[in-house]
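To keep things clear, I will list the structure first and then write my remarks on it.
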Amino acid sequence: MPELPEVETVRRGLEPAMVGARFRAVEQRRADLRFPLPENFAERLTGERVERLERRAKYLMAWLDGDTVLAMHLGMSGRFTVVHSGAPDRPGAIANVPTGDAAHDHIVFHMSNGATVLYNDVRRFGYMDLIESAQLPDHKLFRDLGVEPLGDELSPEFLAHACRAKQTSLKAALLDQRLIAGLGNIYVCEALYRAKLSPRRGADSLATKAGAPTARTQRLVAAVKDVLDDAIEAGGSSLRDYQQADGSLGYFQHSFAVYGRAGLSCARKSCRGRVQRIVQNGRSTFFCASCQR
DNA sequence: CGGCATACCTGCAAGC
DNA sequence: TGCTTGCAGGTATGCC
């Protein structure tokens, strides 16, 4: 499930277990996830202290003392679970319950503060690497990433300019990590719905008018930010409950306006349309053709 | 180069 | 019930 809001929710959940602590031991139960893990992965992590845990696009970035970054991507099915809290005496501390799916617990971090962090990934589309911070700008996976959607860089001016000559749909343009980094299939559908824009519209229809971004473009940028903000807020409020329950950090079932709702009536009271599912670039798109133009 | 299909891997639900 | 098929929110890769 992880798109930007879920990754941000996981980041916040992992922070108390990892930041400030050292890797006391690291269990690496297989040689690869999506890619081979780096040579001596466990050995290189052991003894390192986590300075801070950041998010870039859909990546979690643990900055280590030695100027190295542990980059983690959850792929499609990656999950973190904190089994032992780093702060067991705190009210509402994380319960000590395993995931129940040990077969896919591929990586285990044993932290110096007593926290144990499991990385579970059924499909193994996830990814971890150790990158020297100086190499980060040139790293294959990071050098082409576009702007953070929640930052000031994503403005109507930016989006209009980035899309001005695009020969593809608005849907595909918003999913392109080289333009905006962190949106995935769900939130692109949801943002287009909020902005009342058809996913089939050409991306170049966001072009500026007389040098200024159109109202349509402003609406879309606002919708992108709003939908992500709302999902993060919902994730944050669910996180506390989730941690108390079983330590899972992740995602809970958000309620979506269009995603996964093919055949149901449009959520807009003023609209009598139905949500439909189409396929664009091999991915499902959900939208209401009557209010999304 | 841009745009697109394909592949990676496993589990699950739907359909026959 | 059991088997097959299609589908899944990720991105790297290669082809045109």
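Reminder, nothing fancy here: chain letters follow the sequence lines and each chain counts from 1. Values reported hereafter were calculated over all heavy atoms of this structure, with side chains retained and with hydrogens, waters and symmetry mates removed.
A donor-acceptor contact closer than 3.5 angstrom is absent between the side chains of A:Thr214 and A:Lys209. With hydrogens and angles left out, the side-chain atoms of A:Gln292 and A:Ser198 include no donor and acceptor closer than 3.5 Å. A side-chain donor from one of A:Glu6 and A:Tyr187 sits under 3.5 Å from a side-chain acceptor of the other.
Where A:Arg178 and A:Gln280 each meet DNA chain B at their nearest nucleotide, the meeting point lying more 5' is that of A:Arg178.
Distance, A:Ile186 CD1 to C:dA8 P: 11 Å, rounded to whole Å. In this structure, A:Lys166 places its NZ atom 8 Å from C1' of B:dG3, rounding to the nearest Å. Remark: C1' of C:dA12 and NE2 of A:His73 are 11 Å apart, rounded to the nearest angstrom.
Side-chain N/O atoms of A:Thr168 include one lying less than 4.0 angstrom from OP1 or OP2 on B:dC4.
Among residues two or more places apart in sequence or in another chain, the ring-ring contact (aromatic ring centres under 6.0 Å, His included) test is passed with A:Phe125 by none. Residues passing the side-chain contact (heavy atoms from CB on, under 4.5 Å) test with A:Asp176 are A:Lys166, A:Arg178, A:Leu179, sequence neighbours excluded.
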**OP:** Do nucleotides 6-12 of chain B as a string where each nucleotide becomes B, S or -: B if the base has a protein heavy atom under 4.0 Å, S if just the sugar-phosphate does, - if no protein is that close.
**Re:** --BBBS-
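Across all strands shown, C:dG9 remains unpaired; no Watson-Crick or G-U wobble contact has both distances below 3.5 Å. Across all strands shown, C:dT4 forms a Watson-Crick or G-U wobble pair, both distances under 3.5 Å, with B:dA14.
Taking atom P on both C:dT13 and B:dC9, the two are 14 Å apart, rounded to the nearest angstrom.
Scanning all heavy atoms of the two residues, the minimum distance from A:Met111 to A:Met18 falls at CE-O, 4.1 Å.
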